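For reference, the structure is listed below as structure tokens.
Here the structure is a predicted model, which means the values were calculated and not measured. Values reported hereafter were calculated over all heavy atoms of this structure, with side chains retained and with hydrogens, waters and symmetry mates removed. In the text below, chain A, chain B and the rest are named by the order of the sequence lines, each starting its count at 1.
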Amino acid sequence: MSSHIRRSMPLFPMGTVMKLTDLSARQIRYYEEHQLIQPERTDGNRRLFSLYDIDRLLEIKDLIDQGINMAGIKKILLDEKHFEPHQDSKEQGEEQKRNFTDEELRKLLRKELISAGRFHRNGHPYSERNRFFH
DNA sequence: GTTCTGACA
DNA sequence: TGTCAGGA
């Protein structure tokens with residue numbers, strides 16, 4: 001009943017988060033600029049990250065490791081609606097009620113990334129690093 | 001010693 | 001993204 005409160009509690013300073021997520025301070029601050037996380041501040045203007053922020057940064061790292069850029073990441077993390085089951089009309093049967101399979105999730109994400117217009121990396125279409133979407 | 005913002009030979 | 005400056 002208060003898990004949200006606990007997950008949102010400001011706890012860790014930059015140094016701790018860097019080690020926990022294996023991301024540089026530069027990257028973490030950059031993601032904050034892009035509204036992907038919103039850590040609190042101490043009196044001295046030091047950032048205090050919550051468990052929710054850590055979780056969020058870990059997701060971002062996964063996406064980055066897969067070769068997805070800011071545009072794609074923002075599209076995915078900033079718009080939860082992309083993961084809500086679409087209008088599952090009754091004629092579609094219970095087939096549509098089950099959770100997304102990897103195949104479906106892949107198709108959905110690929111579609112979103114393409115629409116985001118930033119599917120490439122360094123000008124190389126279908127980068128070898130983008131294995132998840134092949 | 002640690003973190004912050006701004007900036008780029 | 002790294003890294004340096006100059007301050008807190």
Would you indicate what A:Arg29 reaches in the nucleic acid, counting non-hydrogen atoms under 4.0 angstrom: base, sugar-phosphate, or nothing? base
Interatomic distance, CG@A:Leu63 vs CD1@A:Ile73, rounded to 0.5 Å, equals 5.0 Å
Is any side-chain heavy atom of A:Tyr52 closer than 4.5 Å to one of A:Met9? no
Any strand, both distances under 3.5 Å, Watson-Crick or G-U wobble: B:dG1 pairs with none
Nearest-angstrom distance from the residue atom CE of A:Met14 to C1' of B:dC4: 9 Å
Give me the residues of residues 31-40 of chain A where at least one heavy atom lies under 4.0 Å from an atom of DNA chain B, by number, or none. none
Out of curiosity, A:Ile28 CD1 to A:Ile54 CD1, how far, rounded to the nearest 0.5 Å? 7.5 Å
Any side-chain heavy atom of A:Ile64 within less than 4.5 Å of one from A:Tyr31? yes
Separation between OG1 of A:Thr21 and CG of A:Asp62, rounded to the nearest 0.5 Å: 11.0 Å
Using a 4.0 Å cut-off on protein heavy atoms (strictly under), produce a 5'-to-3' string for nucleotides 2-8 of chain C with B for base contact, S for backbone-only sugar-phosphate contact, and - for none. BB----B
Here the distance between atom C1' of B:dT3 and atom CD1 of A:Ile28, to the nearest Å, is 12 Å
Here the gap from A:Leu58 atom CG to A:Leu20 atom CG, rounded to the nearest 0.5 Å, amounts to 8.0 Å
Where the side chain of A:Ile64 is defined as all heavy atoms beyond and including C-beta, which of B:dT5, B:dT3, C:dT1 is the nearest nucleotide? C:dT1
The Watson-Crick or G-U wobble partner of B:dA7, with both key distances under 3.5 Å, is C:dT3
When you group the ILVMFWY residues by side-chain heavy-atom contacts below 4.5 Å and let the links chain together, are A:Leu23 and A:Met70 in the same group? yes
Residue pairs passing the salt bridge (charged side-chain N to carboxylate O under 4.0 Å, His left out) test with at least one member in residues 21-37 of chain A, sequence neighbours excluded, are A:Asp22-A:Lys61, A:Glu32-A:Arg41, A:Glu32-A:Arg47
